[in-house]
Amino acid sequence: MLKDSKQTLPIKVIQFGEGNFLRAFVDWMIQKMNDQGLFNGSVAVVQPLDKGLIHMLEDQGNQYTHFLKGMKDGSPYEEHYINDSISTCINPYEDFESFLGLAAIETASIIVSNTTEAGIEFNPEDSLDDNANVTYPGKLTRLLFERYNLTQGNPETGFIIMPCELIDNNADKLKEAVFSYIELWKLPEDFKAWVLNHNLFCNTLVDRIVPGFPRDTINEICDQLGYKDNLVVESELFNLWVVEGNDAVREAFPAMKAGCNLLVVDDVKPFKMRKVRILNGAHTSLVPVAYLYGKETVRESVEDPLLQDYLNHILFKEIIPTLTLSKEELDTFAAEVIERFKNPFIKHYLMSISLNSMSKYKTRVLPSLTTYLDTNKSLPKGLTLALAALIVFYKGNVNGKIIETKDNPDIMELYAGLWADYDESLESLKKIVTGVLAYESNWEGNLNHLPGLTDLVTDYAYRILKDGIDTLFDEIKEVI
């Protein structure tokens, strides 16, 4: 059963967000540190939106069960525990005074957040008198201002701020928004200086697959546990938190000593590029290829020998050579990615990953393709095949099978218009490929200018449509 009572620890972390990811990632690290006597601190959760989950947390005594599932030493492995690292929850929309009261907690020195990519924004319509009805950066500015006033600007009372939102330079953008609010609300220059000089905004990269609440199996899980838990969260075993920081971060949040994969580095960019190019790039490249090959999930895709060869090729022959970290480090990370893709406990449907694949290809795959082309003066055939498969995928109907693609309206309109004129000829298909590659709103340039790309994508797409992608695999075996 969930614990009848738990140790009361001083609040050290103010956490904006109560969702699955933070509870299975940051709060997991805090629990591990507490269990080993390395942190001895608890979390105050702030609900970032009007509607949220904190009432469910409070109903369970701010506890929940966390299942970790994955491959360990080549075999399926799972474990679970009760996380009781959260000591209090606050809904600022109902109790703004308690929210501001967090500024008075002397032991609180760390702020974390995960308010989705859209959460870090500046809204010039926000007012200082709006209380909770402002953005997350607006709430943070109010909290920092309260702290500054209560401590009279004491240099030792600033926070270490580590946002987990999945955007580039997340802390820099959060800091920029905070300073925009300082200007908008005409807050004192001394406060601005205190924020700038005595609060540490750390860019971060987070990496852990967290499917979240297991709706389909919750009854069986509760029967297994012997108690009811409405906030069960599941995650993979793998974890990585790269924080752009210094010794102060290592000392304040010693998760690495507890066995967590926390890296405090001078520059998060190489690690960000590694994750985006290898993990996300492999996902985005694999989806249309595997789906057209008849697969439904990531796991069954990577367990297919031919697709496994394809994945290995694009990772180790086409993507990794374009990156700057050491080959040994990149090879190790790629091998971990493949093992994560094989996780028997996580059912990642290709169609769910395919959302907004055009923009994903641009950010996750295209940089590898262009760098490879610049370096080798030839196209990476595996990544080019992924682009051809993507264009066929967006046809929405292949061999009588409906493909329910989902993307921004302009992308859907682009493909609908281009494929409407397809007459199954090579010339007609080349017009479609040329139109897609010329869509600068997505690519931020015209990809038809890349040497050989239009013709090779057209050739691959034509073969996929005429003979099936499996035949194409056979014809390019010497490549993959």
Side-chain angles (χ1 to χ4, degrees), residues 211 280-304 306-308 310-311 314 341 346-366 369 382-426 428-439 441-443 447 453-454 456-476 480:
N280 301 120
H283 255 163
T284 298
S285 300
L286 183 66
V287 165
V289 173
Y291 192 85
L292 294 177
Y293 190 53
K295 303 302 180 182
E296 299 288 338
T297 67
V298 171
R299 183 188 175 197
E300 66 174 319
S301 300
V302 297
E303 289 180 344
D304 180 275
L306 193 54
L307 289 173
Q308 190 175 71
Y310 171 74
L311 181 62
I314 63 171
F341 286 178
I346 296 178
K347 203 166 188 177
H348 261 185
Y349 285 98
L350 299 174
M351 284 305 299
S352 67
I353 301 170
S354 72
L355 177 68
N356 297 334
S357 283
M358 280 280 284
S359 62
K360 287 177 179 176
Y361 191 97
K362 181 195 74 172
T363 57
R364 301 174 175 186
V365 185
L366 185 60
L369 185 149
L383 300 180
T384 304
L385 173 61
L387 180 55
L390 184 65
I391 292 173
V392 174
F393 182 83
Y394 271 80
K395 182 174 183 286
N397 187 330
V398 178
N399 297 325
K401 182 178 180 180
I402 301 297
I403 304 176
E404 297 182 355
T405 55
K406 294 181 180 180
D407 212 313
N408 293 334
D410 64 310
I411 298 293
M412 300 304 292
E413 291 173 11
L414 169 71
Y415 275 105
L418 290 171
W419 279 109
D421 296 328
Y422 178 57
D423 62 9
E424 299 187 5
S425 69
L426 182 63
S428 174
L429 185 58
K430 187 170 184 177
K431 288 182 180 178
I432 294 169
V433 171
T434 301
V436 172
L437 299 186
Y439 194 61
S441 293
N442 183 76
W443 307 117
L447 300 191
L453 184 64
T454 308
L456 188 58
V457 171
T458 301
D459 178 49
Y460 284 170
Y462 189 73
R463 295 184 187 195
I464 292 170
L465 287 165
K466 290 297 182 182
D467 304 316
I469 200 166
D470 53 334
T471 304
L472 181 60
F473 277 139
D474 289 339
E475 293 188 14
I476 61 171
I480 66 172

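Computation of the quantities below employed the complete heavy-atom set of this structure, encompassing side-chain atoms and omitting hydrogens, waters and symmetry-equivalent molecules.
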Using 0.5 Å steps for rounding, measure from the [atom1] atom of [X] to the [atom2] atom of [Y].
| X | Y | atom1 | atom2 | answer |
| --- | --- | --- | --- | --- |
| Ile391 | Leu429 | CD1 | CG | 8.0 Å |
| Glu424 | Leu465 | CD | CG | 8.5 Å |
| Arg299 | Ile346 | CZ | CD1 | 11.0 Å |
| Leu369 | Thr384 | CG | OG1 | 4.5 Å |
| Ser354 | Lys360 | OG | NZ | 7.0 Å |
| Leu350 | Ile403 | CG | CD1 | 11.0 Å |

(request) Sequence neighbours left out, what passes ring pair (Phe, Tyr, Trp, His ring centres under 6.0 Å) with His348? Give chain and number order. (result) His283

(request) Using a 4.5 Å cut-off on heavy atoms from C-beta on, say whether the side chain of Tyr415 contacts that of Thr405. (result) no

(message) A side-chain contact here means heavy atoms from C-beta on lying under 4.5 Å apart; do Leu306 and Tyr293 qualify?
(response) yes

(message) Would you say that more than 12 heavy atoms from the other residues, nucleotides or ligands in this model lie under 6.0 Å from the OH of Tyr349, or not?
(response) no

(message) Tell me if the NZ atom of Lys466 is crowded by more than 12 foreign heavy atoms within 6.0 Å.
(response) yes

(message) The criterion is side chain to side chain contact (heavy atoms under 4.5 Å, CB included); which residues satisfy it with Lys362, sequence neighbours excluded?
(response) Leu366, Asn442, Trp443, Glu444

(request) For Asp423, check side chain to side chain contact (heavy atoms under 4.5 Å, CB included) against everything at least two apart and list the hits. (result) Ser425, Ser428

(request) For the pair Lys401 and Glu296, find out whether any cationic side-chain nitrogen is under 4.0 Å from an anionic carboxylate oxygen. (result) yes

(request) In plain terms, say whether Asp304 and Lys295 are close enough for a salt bridge, that is, a side-chain N and a carboxylate O under 4.0 Å apart. (result) yes

Where is the tightest heavy-atom contact between [X] and [Y], given as atom of each residue plus distance?
| X | Y | value |
| --- | --- | --- |
| Ile432 | Leu418 | CG1-O, 3.5 Å |
| Thr454 | Thr458 | O-OG1, 2.6 Å |
| Leu286 | Ser301 | CD2-CB, 4.1 Å |

(message) Can a donor-acceptor pair be found, under 3.5 Å and without considering hydrogens, that links the side chain of Tyr460 to the backbone of Ala389?
(response) no

(message) Is it the case that the side chain of Tyr394 and the backbone of Ser357 share a donor-acceptor pair, with hydrogens and angles ignored and the cut-off at 3.5 Å?
(response) yes

